[in-house]
Amino acid sequence: MTDPYKILNISPNALDEEVKKAYRELAKKYHPDKYADSPLAEKASEKMKEINAAYETIMKDRKEGNNYSSSYGSRSQRQPSYNNYQGSQYSAGESPTAFSYIRSLIMNRKYKEAENLLTKISSTDRNGEWYYLMGIVCFNKGHLEEANNYLETACRIDPYNLEYNEFYHKVKNSRKGKYRGGYDFDEENVCCNCSDCDCCDLAVYGVCVECLCGVCRHFS
Amino acid sequence: MFGYLQPYREELKIREFELYKSVYCGLCRQMGKDYGIFARMTLSYDCTLLAMFWFSLRNEEYCVNKGHCVFNPLKKCMLCEGKGEALSFAGAVSVIMSYYKIIDTIHDSGFFKRTLAYMIKPILKSSYKKAAKRYPEISTLTEKLLLEQSEAEKSNASVDKAAEPTAKMISSLCGIMSNGKTDNKVLEVFGYFLGRWIYLMDAADDLEKDIKNNNFNPFKEKHKGDISETMIYCNEVLNLTSSQLILAYDLLEIQEYKPILDNVIYQGLAMQQKRCLFDKYKKTAKGMKQ
């Protein structure tokens, strides 16, 4: 295995708390839920396994090779909580549906086959679940707007279905820019409302420049 | 379509910005050496970024030396020089795509743009030939892109289908950058969503103009008269795209130039959205009030 400290991006001298913090941040970054139905779900899962293995190795080495006080010792024995993810979103439906086989194809990442079968289903049989599963296959191949529309329809047909709403809610949050790298139009800092000065044209995005305007007004 | 992949300069450290400029200037110099002096006309921020990705993903060596600007010999600048293909590859992409864009303009545009394109074409032709000889795969990909793009526009494609040709092209370009060391699949997915983002950003930026000139635009269908409402929709489409782009970016093993590339991906894209979809219309409204 590559140096586990390098995988977690920390120094070998990092304290236990720092190791755990680094692990939590990486686990959040590569959490399987974020990559569910993404074409990179498998890669992210491999990365997650690598991170989990690095964390376990470090903690095991420290436990065996060091004499920590009891307060450190008890904390460092906590098991990593992201170890046993198994794509639980599909376990929500207990009884088999007409789409069970298609769902199993999706679980095994056979999205093209799933899509082929879905398109063959007649329009009279296209219920909420059909739209939801079409949303998933479109999402996986990068047709995000089609996916969004299918998911929206699924939630309109079955407004109380938790499974459909969970995925659609994630998509809606992404659309609103509620993640690192998105532009959140609603959260934009409202600049001062003066129309006379051009301070708002200064390249200081995201910072309210009211105080600067106070200066401008004073001098003009 | 060029010019949307920029860093958010206000958040770059000065030494990072200087390094970024050195790649830009180094690319300009290398393009002149490889493909002739007129190749430099096609220089862009996007291809500077491409060069940095290549350096980073292939772990190619480079050095930064003092030099003089090619256009203004009195101006000193720092020039990045690569030991491998990064700058030549990025330069070829720039020249080839610009040349095909000129041909496209000749076929599809009005009188004035067409005349201008006719004048520029012979100037770029020899640069194009040199670049296409060295990297024939880029030429093939670009030709395919333009053909598929034209078909999509004729069939009044949806947002997803209209962006597909550019998405697939950039995906293939990124695939070329991998040489077995970096994960090919991650690069291709990253390239796909980057291409999609570039195409849709360009479409959103051009929407008003396309409505006026009755040109194809995938966002026209959603437009009901209020441009600011449509821009909110375009922002959502771009956000969803960049969210998937970032998931792929996070899986790339970026070492060299990481702060600059992080800045472009995590901040630069969002700032372009803000600038082109919202600030542009605020300025117009402010201008009209006065």
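All values reported here derive from a predicted model rather than from experimental measurement. Chain letters run A, B, ... following the sequence lines, proteins first, then strands; residues in each count from 1.
The contact between A:Lys176 and chain B is made by backbone and side chain atoms together, counting heavy-atom distances below 4.5 Å. Of the atoms belonging to B:Val186, heavy atoms from both backbone and side chain fall under 4.5 Å from chain A. Neither the backbone nor the side chain of B:Leu277 comes within less than 4.5 Å of any heavy atom of chain A. In this structure, chain B has a heavy atom under 4.5 Å from the backbone of A:Lys141, while its side chain stays farther away. Heavy-atom distances place no part of B:Gln272 under 4.5 Å from chain A, backbone and side chain included.
Among the residues in residues 239-251 of chain B, those with a non-hydrogen atom closer than 4.5 angstrom to a non-hydrogen atom of chain A are B:Asn239, B:Leu240, B:Thr241, B:Ser242, B:Ser243, B:Gln244, B:Ile246, B:Leu247, B:Ala248, B:Asp250, B:Leu251. Close approach to chain A, defined as a heavy atom under 4.5 Å from one of its heavy atoms, is seen in no residue of residues 45-55 of chain B. The contact list for residues 155-162 of chain B toward chain A, using heavy atoms and a distance under 4.5 Å, reads B:Val159, B:Asp160, B:Lys161 by residue number.
Within a 6.0 Å sphere centred on CD of B:Glu18, heavy atoms belonging to other residues, nucleotides or ligands number more than 12. Atom NZ of A:Lys110 sits in a sparse spot, with 12 or fewer heavy atoms from other residues, nucleotides or ligands closer than 6.0 Å. More than 12 heavy-atom neighbours from other residues, nucleotides or ligands sit within 6.0 angstrom of NZ on B:Lys258.
Contact count versus chain B (heavy atoms, under 4.5 Å) is highest, among A:Ser38, A:Gly181, A:Gly182, for A:Gly181. Heavy-atom pairs under 4.5 Å with chain A peak, among B:Leu269, B:Leu238, B:Ile232, B:Ile265, at B:Ile232.
A heavy-atom distance below 4.5 Å is not found between the side chains of B:Glu188 and A:Pro39. At least one side-chain heavy atom of B:Arg196 sits less than 4.5 Å from a side-chain heavy atom of A:Leu144. Contact check for A:Arg175 versus B:Val237: side-chain heavy atoms found under the 4.5 Å cut-off.
Listed by chain and residue number, nothing satisfies the ring-ring contact (aromatic ring centres under 6.0 Å, His included) test with B:Phe193 (two or more places apart in sequence, or in another chain).
Relative orientation of the B:Phe278 and A:Phe185 rings is parallel, given thresholds of 30° and 60° on the angle between their planes.
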